[in-house]
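Throughout, a chain's letter reflects where its sequence line sits, starting with A, and its residues are numbered from 1.
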Amino acid sequence: MNGLDLLVAATLSAGTPLAIAGLGLLVNERVGVINLGAEGLMLVSAVSGFAVALHTGSEWLGFGAGALAGAALSLVLGWLVIWLNTNQYATGLAVSLFGSGLSAFAGIPLVGRQLQTGSRHGVPLLADLPFVGPALFRQHPMVYLAIALAGAMALVYYRTRLGLVVRAVGESPVSAHALGYPVRRIRLAAVVLGGALCGVAGAYLSVVYTPLWVEGMVAGRGWIALALTVFATWRPARVLLGAYLFGGVTMLQLHLQAGGVQLPAQFMAMLPYLSTVVVLVLISRNPLWIRLNMPASLGKPFVPGA
Amino acid sequence: MNLSLTKHAALAAALAAALAGCSKKEAPPAPAAQPEAAAPAPAKPAPLKAGFIYVGPVGDAGWTFAHDKGRREAVEKVGADKVTTTFVEKVPEGPDAERVLRDLVAQGNKVIFATSFGFMDAIVKVAKDNPDVYFEHATGYKTSDNLRVYEAKFYEGAYLAGIVAGKMTKTNVLGFVGSFPIPEVLRNINAFTLGAQSVNPKIKTKVVWVSAWFDPPKETEAAQSLFNGGADVLLQNTDSSAVLQAAERNGKYAFGWDSDMSAVAPKAHLGSCALDWSGYYVKTFNDVLNKTWKPEVTKWGVKEGTVDLVKVAEFAPAEAKAKVEEARQGLKAGTLAVFTGPIVDNTGKEVLAKGVVADEAWKGAVNFYVKGVEGKVPAGK
């Protein structure tokens with residue numbers, strides 16, 4: 001198939017927001033907090049990032065604003081679920097609803113505004129290689145940062161003392177508390193960091209991927225990112241893989257259609273979800289995989305001394 | 001858009017409605033509104049109360065925006081002393097719509113507009129229980145003694161857009177970003193292609209389905225894949241301006257849909273297939289005020305001013321503009337019909353005989369691509 005290079009390029013760029021958001025949610029879930037507010041967080045960050053990028057002309061300030069917005073909203077979520085011990089699922093849903101409403105309201109003056117973008121990106125030298133150049137090396141820097149982030153997270157979680165402590169908080173907050181670690185503060189820090197990452201993903205959508213703001217533009221990607229963490233059995237590298245798989249199959253069906261391949265559109269639209277289910281089934285064939293990796297305290301409140 | 005609840009089907013949206021209720025706003029008083037309390041004449045009849053329910057937010061810059069603009073302009077034309085309006089936006093298609101409709105009846109609205117296909121079951125039920133209230137349903141097909149339907153001939157706008165596209169394309173390949181393969185959307189794809197072929201017989205159209213009314217990132221990718229496939233002018237039947245903006249970034253061309261989207265992409269925008277519902281709303285208000293309201297099916301197009309290609313780009317060739325004007329006048333005068341035989345589908349079969357003008361039944365059953373459109377209709381025969 002010709003245009004394979006373009007397909008690979010589109011896959012990388014489509015998978016990146018999912019990967020960043022998925023990694024952020026992994027940070028949350030690793031300390032035992034499930035963040036169902038991801039969709040709302042991403043929307044608020046998308047609108048903040050877009051507004052800032054529009055007024056300053058800087059993508060990077062836009063990402064910063066998205067991160068801040070995501071962090072701020074997840075700080076609220078964290079305070080509610082960690083200190084007030086509210087139900088994580090209900091609170092997350094409330095945050096998601098609040099976020100989508102707030103972003104719609106705040107975004108009214110931004111509908112139809114355009115960003116001055118269009119700068120070409122490329123890794124020097126490598127971008128000019130045939131095939132691999134257009135496929136891999138002409139991406140927005142955020143695409144490479146997402147890959148680096150997954151690598152860094154894998155290192156921190158499995159090769160450092162910090163990672164061990166954080167994982168302990170998620171596996172057994174009671175033991176971590178008994179050892180003298182400030183469980184609630186570690187949880188809050190992780191929730192805020194994860195929220196900031198979701199925020200960057202939201203800002204990437206509105207600033208780079210689809211440089212515009214319209215209400216509800218995240219269009220379910222927050223929920224997909226949530227599913228990705230399970231899909232990845234809470235391992236950073238697998239989150240990345242899952243995001244590219246999902247992005248790739250989505251792009252493949254669009255490219256096949258434009259290329260004139262005769263398959264029913266409904267079937268093609270189903271492909272990304274179908275492939276996710278298939279991989280999930282394959283993973284779950286070994287229940288140990290999930291049980292070993294799932295943070296044992298996921299979704300459960302922790303009250304020190306109780 | 002009008003036919004589907006897909007974009008509102010997300011769990012979040014459903015919960016949003018359940019928890020938060022629908023946002024409800026009193027329409028801002030028109031500038032001409034007289035303070036009612038100060039009106040001295042007791043003989044003066046109370047203004048007609050009309051309620052609207054919208055599926056999207058009024059700020060969506062597309063479908064709902066066009067309806068709301070129609071509402072505001074109609075009130076202005078009829079007079080704020082004769083009619084007052086209320087609207088409820090972002091009503092999900094489903095059980096909630098019935099609650100909102102009953103609410104509007106309870107508030108004393110005498111005519112109620114439901115502006116999305118998915119409100120059909122709800123409005124049919126509520127209309128049955130309230131025989132003294134008039135109901136109006138956009139893009140539906142069920143009528144009763146106090147319920148009627150109205151619709152726009154979107155395909156006439158698509159045809160006009162096709163004329164401009166046929167003149168602007170350098171590759172002779174057009175692209176279409178489709179939502180769902182239903183007759184309404186297939187009519188638009190075919191009309192767009194026929195319009196382009198009327199000025200450029202070499203035209204081919206590629207179609208990519210995104211299976212959503214509203215998913216800007218996916219609409220963008222679909223547009224990108226069409227550009228990669230050689231198309232250089234796009235039209236879409238989805239609700240955001242994403243396709244237009246993708247064209248702007250690629251140095252290609254596209255059109256606005258439902259409302260004027262010229263501001264979004266000044267270099268790429270060739271025109272907008274815009275809807276103007278105000279004429280129909282004026283008619284309904286007058287029908288109710290004059291007691292001449294009767295159940296019927298209204299399908300208005302370019303002739304009635306409901307559909308038009310607006311803001312055709314300055315840089316479009318004069319010849320294209322002249323052809324559009326010619327077609328527009330033809331549609332207005334009734335001498336031109338978009339679907340006039342011979343029409344051949346893309347397998348070579350004649351679907352409309354020479355000289356025959358398509359009737360409503362034919363248009364309602366479109367399940368094929370015309371010659372020049374590549375591929376096969378998903379799940380079509």
Side-chain angles (χ1 to χ4, degrees), chain A residues 2-3 6-7 10 13-14 17 36 39-40 43 93-94 96-101 104-105 107-109 111-115 117-118 205-206 209-223 247 250-251 253-270, chain B residues 7-8 10-13 15-16 19-20 23 56-57 59-62 65 90 175 178 180-181 206-212 214-231 239-242 244-246 248-249 251 261 263-266 374-380:
Chain A
N2 62 352
L6 294 172
L7 178 62
S13 102
L36 294 190
E39 180 85 3
L43 278 164
L93 283 174
S96 186
L97 297 173
F98 170 74
S100 70
F105 176 69
I108 291 170
V111 174
R113 300 288 299 273
Q114 8 166 19
L115 279 184
T117 54
L205 277 176
S206 67
Y209 191 63
T210 318
L212 55 82
W213 166 255
V214 261
E215 192 181 330
M217 67 170 292
V218 173
R221 281 166 185 76
W223 301 107
T250 309
M251 289 307 114
Q253 54 110 349
L254 294 176
H255 281 250
L256 286 179
Q257 288 190 56
V261 175
Q262 306 295 322
L263 275 175
Q266 292 91 336
F267 176 76
M268 306 248 248
M270 196 175 78
Chain B
K7 67 187 179 189
H8 288 276
L11 172 69
L15 278 159
L19 294 184
S23 56
D60 71 353
F65 178 81
K90 286 177 81 172
F180 296 95
K206 291 187 175 202
V207 183
V208 170
W209 299 99
V210 292
S211 305
F214 183 85
D215 185 339
K218 211 166 162 194
E219 292 166 46
T220 304
E221 284 300 342
Q224 191 65 53
S225 65
L226 284 164
F227 293 136
N228 293 347
D239 280 359
S240 86
S241 55
L244 201 46
Q245 279 163 302
E248 181 95 352
R249 282 196 303 283
M261 294 183 175
V264 168
E374 290 183 358
K376 216 167 93 183
V377 176

Note, S240(B) side chain near M217(A) side chain (heavy atom, < 4.5 Å):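 No, too far: nothing below the 4.5 Å cut-off.
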
Within residues 223-231 of chain B, residues adjacent to chain A where the heavy-atom gap is under 4.5 Å: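 When heavy atoms of chain A are the reference, residues 223-231 of chain B contributes S225(B), L226(B), N228(B) within the under-4.5 Å range.
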
Least distance between heavy atoms, K90(B) atom then E215(A) atom: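 Smallest interatomic distance, heavy atoms only, reads NZ-OE2, 2.9 Å.
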
Tell me, side chain or backbone of [X] under 4.5 Å from chain B's heavy atoms, or both, or neither?
| X | result |
| --- | --- |
| S206(A) | neither |
| L6(A) | side chain |
| M251(A) | side chain |

E248(B) portion near chain A, given a 4.5 angstrom heavy-atom threshold: side chain

Heavy-atom contact with chain A under 4.5 Å, split by part of A222(B):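 Both backbone and side chain.
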
Any donor-acceptor N/O pair, Q245(B) side chain to T210(A) backbone, under 3.5 Å: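 Not a single qualifying donor-acceptor pair exists.
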
Pair E221(B)-Y209(A), side-chain contact (heavy atoms from CB on, under 4.5 Å): steps then yes or no: CA-CA 9 Å; E221(B) 284 300 342; Y209(A) 191 63; 2.8 Å; yes

